[in-house]
Protein chains: 2
Amino acid sequence: MGTDEAAQAFGDFLQSQRRLANISQRQLARASGVSDSYLSQVERGLYRPSAEVLKALAHAFEIPVSTMFTQSGLMDEAPEAEASPGIEAAIRHDTQLNAEQKAALLSVYRAFLNGPRGEPHTPLD
Amino acid sequence: MGTDEAAQAFGDFLQSQRRLANISQRQLARASGVSDSYLSQVERGLYRPSAEVLKALAHAFEIPVSTMFTQSGLMDEAPEAEASPGIEAAIRHDTQLNAEQKAALLSVYRAFLNGPRGEPHTPLD
DNA sequence: ACGCAATGCGTGGCAGACTAAGCATTGTTG
DNA sequence: CAACAATGCTTAGTCTGCCACGCATTGCGT
């Protein structure tokens, strides 16, 4: 389906930003490295730009990339979603442990969950 | 442009995350709504997934979307400086482990953090 | 031995992101 | 008026993200 309503919403957002910056589609095209014809299609809601184009546009507008992503509906994640992420997710997302340490911790954790019987654990290659 | 080095880097990151989660490509495919054949190609660095796929994968892994974007090289700015979820808190609030098991996990975790030499055993690399 | 399910990977093809070139309109200048 | 430039838009085409399907291998159960 060509006409996506999310694409239309982002198109409006892009057009408003461009008009606020007081530049034409071609000027924005040169500033961002995207073709002007594509910008026209995006503003009219025909297409949803990829993440790379969003990044380029954000740089051209000098606004944070995360704002672009949020406006394009790509980052609709709740900022403060769940309170208890779970041990597995917490370990995996940790920034202080390296991959081996994470694997070891997960292995121990899973062994606890599986009961006293030692299960054939995964080959951590 | 078949061999894109950024695609390869993200492929490695994706594969490591999948192995940490201990799931197969097809399981990840069902959890994220992406086809398993495509996941295989992404892990091997053949393609660079779009932002929508990144979002779906982040949800499947229960890690923030911004982490996915950063790892895929799409967000080279604004680290957003989020506080780590906290493995300790996750372990303490877990409902499936008993006190002994929690203590053991915490002890292993703290050993990893405090040890100047993080790995006295299990060479693995 | 025989299935049979699960895993990773290859192939063909469709849909969509993206571009180059051109059209139509509106100035703005001589 | 002619001539030029700038704007937004359309069209035709290329490239690639992505999937449905199938193949080869491994492992488990009978």
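All values below were derived from every heavy atom in this structure, side-chain atoms included, with hydrogens, water molecules and symmetry-related copies excluded. Sequence lines set the chain letters: A, B, ... in the order given, protein chains first and strands last, and positions in each chain run from 1.
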Distance in angstrom units between A/E52 CD and D/dT16 P, rounded: 11 Å

What distance do B/Q25 atom CD and B/Q41 atom CD have between them, rounded to the nearest 0.5 Å? 10.0 Å

Supply the atom-to-atom distance B/M68 CE to B/L74 CG, rounded to the nearest 0.5 angstrom. 11.5 Å

Answer yes or no: does atom CD of B/E52 have more than 12 heavy-atom neighbours from other residues, nucleotides or ligands under 6.0 Å? no

Within this structure, what is the CZ-to-P distance between A/R48 and D/dC18, rounded to whole angstrom? 12 Å

Say whether, by atom type as modelled, one donor and one acceptor occur between the side chain of A/R18 and the main chain of A/I23 under 3.5 angstrom. yes

So, do A/V108 and B/L105 sit near enough that their side-chain heavy atoms are less than 4.5 Å apart? yes

Atom-to-atom span, CG of B/L57 to C1' of D/dC18 - whole angstrom: 13 Å

Each nucleotide in nucleotides 3-10 of chain C should get exactly one letter: B, S or -. Can you fill that in based on protein heavy atoms under 4.0 Å? ----BBBB

Kindly indicate whether the side chain of B/V65, heavy atoms from C-beta on, has any atom under 4.5 Å from the side chain of A/F69. no

In whole angstroms, the gap separating P of C/dG16 from OH of B/Y47 amounts to 17 Å

